[in-house]
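Below: one structure, written as structure tokens.
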Amino acid sequence: MTGRNTEVQVLQDRTALFSDAAERIVQAATDCIRERGRFTLALSGGATPNGVYTLLATKPFRSRVVWPQVHVFWGDERCVPPDDPRSNYRAAYELLLSHVPIPAANIHRMQGEIDPSMAAMQYESLLRSHFGTPSGAPRYASGANFDLMLLGVGADGHTASIFPEGTALQEQQRWALAEYAASAGTWRITVTLPVINAAARVLMLVAGGEKRAIMERVLSPHASQVLQNDASLPAERVQPAEGELTWLLDSAAMPALDPG
């Protein structure tokens, strides 16, 4: 499904997708830091974002960002210690953050090693403090929301750790929560859709032929009609109210859509 603030960009392959995403992140960082001295970025887990992190750590990209002015958060995390191979934090740190001059105080990870519910409560508190919103809903305002969020899409249509079968899909009050993802067999911590949809920019990164079927459902011109009675596709619910949504797909993931 696409809206007035939505762009769908199809790249030839994963390499081109990584390059395009990295360029967009650098440009967003440059613009935000020039305008107000800070860039707030939410990272994602998964193979496709990891490819972007690897590229951002190379000199042509990393040298163009004023890293001491960047604050990094995560959209979701597995409930594992930070040194666990499954940790989203560990992947981003090893591939990107350890290679750039970002202050440790600017890296705001989810604490996957503690009680999941406590970790979610602490992360919501951290987000509210950082964005100056002690109570109420996330706000679309300079300094009060993510400047850019990276997200991916699972073959089942999940995004962040908002799964089709979970209660997070319907959450409207909390900013972060913990939930057991039965399909993944793990506890996860995730930010919620109100936080995602308050972001200034959302980049949805999708690569591989195994994603083509779900993207046909998500991007179909008829998706809004179909989904009035179908709450099973979290990725389709990513619809920033005032921000920009960009889908970056490689050619393998892009379906042939009926324009009707």
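One is the number of the first residue; the rest follow in order along the sequence.
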Requested in this report: Kindly say whether Val153 contributes a backbone atom to a donor-acceptor pair with the side chain of Lys211 at under 3.5 angstrom?
Outcome: yes

Query - SB check Glu216 Arg212 (cutoff 4.0 Å) - result: no

Requested in this report: Assess the side chains of Thr190 and Asp76: does a donor N or O sit below 3.5 Å from an acceptor N or O?
Outcome: no

Query - Heavy-atom side-chain contact between Arg78 and Asp84 under 4.5 Å - result: no

Requested in this report: Dump the intermediate steps for salt bridge (charged side-chain N to carboxylate O under 4.0 Å, His left out) on Arg86 and Glu77, then the final yes or no.
Outcome: CA-CA 9 Å; Arg86 296 167 292 175; Glu77 181 59 276; over 6 Å; no

Query raised in the report: Within a strict 4.5 Å, meaning less than it, do heavy atoms of the Phe163 and Arg188 side chains meet?
Result: yes

Report task. Please report the closest heavy-atom contact between Leu205 and Pro49, naming both atoms and the distance. Result -> CD1-CA, 4.2 Å

Query raised in the report: Looking at Val191 and Ile162, what are the two nearest heavy atoms and their distance?
Result: O-CD1, 3.7 Å

Report task. Take Val72 and Val70 through the test side chain to side chain contact (heavy atoms under 4.5 Å, CB included) and record every step on the way to the result. Result -> CA-CA 6 Å; Val72 172; Val70 176; 3.9 Å; yes

Requested in this report: List the atom of Met204, the atom of Gly152, and the distance in Å for their closest heavy-atom pair.
Outcome: CE-O, 4.2 Å

Requested in this report: Dump the intermediate steps for side chain to side chain contact (heavy atoms under 4.5 Å, CB included) on Ile107 and Leu97, then the final yes or no.
Outcome: CA-CA 9 Å; Ile107 300 173; Leu97 300 176; 4.0 Å; yes

Query - Atom pair CG/CG of Asp20 and Leu203 - distance to nearest 0.5 Å - result: 8.5 Å

Requested in this report: Keeping the roles fixed (side chain from Asp147, backbone from Ala28), state whether a donor-acceptor pair exists under 3.5 Å.
Outcome: no

Query raised in the report: Same hydrophobic cluster for Leu177 and Ile196, using side-chain heavy-atom links shorter than 4.5 Å among ILVMFWY?
Result: no

Requested in this report: Can you see which heavy atom on His158 is nearest to which on Asp156, and at what distance?
Outcome: ND1-OD1, 2.7 Å

Requested in this report: Verify the cluster assignment for Val206 and Val10: are they in a single hydrophobic cluster under the rule of side-chain heavy atoms below 4.5 Å apart?
Outcome: yes

Query raised in the report: Which pairs pass ring pair (Phe, Tyr, Trp, His ring centres under 6.0 Å) with one or both residues in residues 75-96, sequence neighbours excluded?
Result: Trp74-Tyr89, Tyr89-Tyr93

**Report entry** Atom pair CG (Asn106) and CZ (Arg38), whose distance is rounded to the nearest 0.5 Å
**Finding:** 9.5 Å

Requested in this report: Name all pairs fulfilling the ring pair (Phe, Tyr, Trp, His ring centres under 6.0 Å) condition that reach into residues 114-153, sequence neighbours left out, sorted by first residue then second.
Outcome: His71-His130, Phe73-His130, Phe73-Phe146, His108-His130, Phe131-Phe146

Report summary line: Minimal heavy-atom distance between Pro82 and Glu113, with the atoms involved, is CD-OE1, 3.7 Å

Requested in this report: Kindly determine whether Val66 and Thr30 satisfy side chain to side chain contact (heavy atoms under 4.5 Å, CB included), including the steps that lead there.
Outcome: CA-CA 8 Å; Val66 184; Thr30 301; over 6 Å; no

Query raised in the report: Does the side chain to side chain contact (heavy atoms under 4.5 Å, CB included) test come out yes or no for Thr54 and Phe18, once each step is laid out?
Result: CA-CA 9 Å; Thr54 299; Phe18 298 159; over 6 Å; no

Query raised in the report: Does a side chain donor of either Thr167 or Glu179 reach within less than 3.5 Å of an acceptor in the other side chain?
Result: yes

Requested in this report: Drop me the distance from Asn50's CG to Asn88's CG, to the nearest 0.5 angstrom.
Outcome: 8.0 Å

Query raised in the report: Quick one: which of Leu245, Thr6, Leu233 gives a side-chain contact (heavy atoms from CB on, under 4.5 Å) with Val238?
Result: Leu245

Requested in this report: Group every Ile, Leu, Val, Met, Phe, Trp and Tyr by side-chain heavy-atom contacts under 4.5 Å, then state whether Val65 and Phe61 land in the same group.
Outcome: yes

Requested in this report: Could you tell me whether a side-chain N or O of Thr192 sits under 3.5 Å from a main-chain N or O of Arg174, the two making a donor and an acceptor?
Outcome: yes

**Report entry** salt_bridge(Arg201, Glu7) N-O dist < 4.0 Å
**Finding:** no

Query raised in the report: Ser44 and Leu150: which non-hydrogen atoms are nearest, and at how many Å?
Result: CB-O, 3.2 Å

**Report entry** Nearest-0.5 Å distance, CD1 of residue Ile214 to OG1 of residue Thr159
**Finding:** 11.5 Å

Query raised in the report: Should Val100 and Tyr53 be counted in the same cluster of Ile, Leu, Val, Met, Phe, Trp and Tyr side chains packed under 4.5 Å apart?
Result: yes

Query raised in the report: Going from CD1 on Ile33 to CZ on Arg36, what distance comes out if it is rounded to the nearest 0.5 angstrom?
Result: 9.5 Å

Report task. With rounding to the nearest 0.5 Å, note down the distance linking CD in Glu244 to CZ in Arg24. Result -> 9.5 Å

Query raised in the report: Between Trp175 and Arg128, is there a cation-pi geometry (under 6.0 Å to ring centre, at most 45° from the normal)?
Result: yes

